[in-house]
Structure formats: C-alpha cells, structure tokens
K.L.:
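Structure below; questions to follow.
Both counts, for ligands and for their atoms, begin at 1 and track the order of listing. Position 1 is the first residue of the sequence, and the numbers go up from there.
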Amino acid sequence: MDIYVDSANLTEIRQAKELGLADGVTTNPTLIAKERGEFTEILKDICKEISGPVHAEVLSLDSDGIVREGRELAKISDNIVIKIPMIKDGLKAVRVLKSEGIDTNVTLIFSAGQAILAAKAGATYVCPFLGRLDDISHDGLDLLGVIRSILVNNPDLETRIIAASIRTPNHVVELSTMGVDILTVPSKVLSQLEKHPLTDIGIEAFAKDAEKFK
Ligand code: E4P
C-alpha cells in the first residue's frame, strides 16, 4: 500500500516524507492555488523533493488541449503523472498520452462505470473521490470497494486505484483494510492518525513515575 501526500505545500510534503508517508504526491488546481508562486515552478519544486509519482492536473477540457498540456507538464520531470478529468475528451487524451509513454490519472471519478471507462482507456490510475460522495450522503467507501472488486476480478485492466478526497482517519483505516492500492491523504488527516489521548496520558504517567529515579 502506498501513501501519497494530497498537497502542493512543500513544508507538508517534507514533513510527510520524514515519516515515510510520501510515496507520491497528488495536486489539483485548488491545492496549487493555495501556494505562492507559478504553477509550473511549484510542481518543479515538488518533483525535486519527491522521487515517486507527482500528479499534476490539466486545465483544458478538449482532447487536443489536454494532450498538449499533458505533454508540457510531462517535460517538468520524469515522475510527473498527468491528471485528467473524467470526461469523454479526457479519455481520448488518455489513449494518446499512453501511446507516448506518459502516465495518466483519471480524476473526479464518482461511479464504478466511470472507473471502468477510464481503465479501458488505459489510465495508469483511477481516482475516486470518497469525501465528496460522503458530503452528498452517498457511501464513498462502498464505491471504493466496488471499484477494487472490478479491478481484482479483471486483471487485464492494468489500472491502480488512488483513493482521494480522504477526510478522516477512519477513511484511511477502512481503505487499508480493503487493500486499496494507493491512498492520497491530506496532512491534517496524517496528523490526526498519529494522535491518541491514551498515548498522551501514558507518556505523562510514565514521565511522572520516572521522576522517582532522578
Ligand atoms: C486528489 O487527487 C484530489 O484532487 C483531492 O483528494 C480532492 O480532495 P477534496 O475533495 O478534499 O478537495
């Protein structure tokens, strides 16, 4: 199981890397817009920090534009993966970029049908969004389970799942239990995973008892 950092913030990415929690990085236009600097420069800096895949999203919505942007983004570094929205033109672009040896991630997946189409188009990764489904009272984890079963039962579909829009430590635990390939996790959730009140109470009690030996 790989864990990616869902962030374009270098400090957050470095902190996760120190803990072995940065097998890759996912960005999107919203995450990059939160940072200072130019779009391409931000991605270049992330690629200098991370040797695993760094996912960068295109803004075009027509297949020619997506392919053009994808080729340009791929020049930034060998480890760039092109994130493409789940639309018909996006799927056409996936096929072209795949034929050129460029890895793609079909993002904004909200149904198993969309995941099948993306996998058949040749996407290296499919990226279902859990939290945004939960937000509208659908079961994001349920969708992840279905997509995982489809890919396990059809090994000819050589696509890996990246579970995205992860909002809670429980999402991380449930996805790990399911055996989902890759989880992209915001740094806030990584910190929440680390904390437990009984750990803090235990540390405090041990420190107090150890005073006897001083
Ligand atoms: C990552 O690839 C996605 O863009 C990201 O996880 C979306 O998360 P959000 O739904 O919390 O914005």
K.L.:
Any idea which atoms of ligand 1 are less than 4.0 Å away from a heavy-atom of Arg132?
P.N.:
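Going through ligand 1 atom by atom, the ones under 4.0 Å from Arg132 are 7 (C), 9 (P), 10 (O), 12 (O).
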K.L.:
In terms of relative ring orientation, are Tyr125 and Tyr4 parallel, tilted or perpendicular, with 30° and 60° separating the classes?
P.N.:
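Ring orientation, 0 to 90° scale: perpendicular.
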K.L.:
Could you tell me whether Asp6 and ligand 1 have an N or O pair separated by under 3.5 Å?
P.N.:
yes
K.L.:
Could you tell me whether Lys214 and Glu211 make a salt bridge, using a distance below 4.0 angstrom between a side-chain N and a carboxylate O?
P.N.:
no
K.L.:
What I want to find out is whether Asp45 reaches Lys48 closely enough, with some N-O distance under 4.0 Å, to be called a salt bridge.
P.N.:
yes
K.L.:
Keeping Lys83 on the side-chain end and Thr104 on the backbone end, is there a donor-acceptor pair under 3.5 Å?
P.N.:
no
K.L.:
With nothing but distance in play, are any N or O atoms of Ser165 less than 3.5 Å from an N or O of ligand 1?
P.N.:
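Looking only at distances, the answer is yes, because the N/O contact criterion of under 3.5 Å is met.
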K.L.:
Taking a cutoff of less than 4.0 Å between a non-hydrogen atom of the residue and any ligand atom, is Glu57 in contact with ligand 1?
P.N.:
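No heavy atom of Glu57 comes that close to ligand 1.
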K.L.:
So which protein heavy atom does atom 4 (O) of ligand 1 come closest to, and at what separation?
P.N.:
Asn28 ND2, 2.7 Å
K.L.:
Using a strict cut-off of 4.0 Å, indicate which atoms of ligand 1 neighbour a heavy atom of Lys83.
P.N.:
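Contacts of ligand 1 toward Lys83, numbered from 1: 1 (C), 2 (O), 3 (C), 4 (O).
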K.L.:
Under 4.0 Å between a Lys/Arg side-chain N and an Asp/Glu carboxylate O for Asp103 and Lys98?
P.N.:
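Lys98 and Asp103: not salt-bridged.
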K.L.:
To the nearest 0.1 Å, how far is atom 7 (C) of ligand 1 from its closest protein heavy atom, and which atom is that?
P.N.:
Phe129 CE2, 3.6 Å
K.L.:
Hey, would you say the Phe110 and His138 ring centroids sit under 6.0 Å apart?
P.N.:
no
K.L.:
Which of the atoms in ligand 1, numbered in the order shown and given with their element, are less than 4.0 Å from a heavy-atom of Arg167?
P.N.:
9 (P), 10 (O), 11 (O)
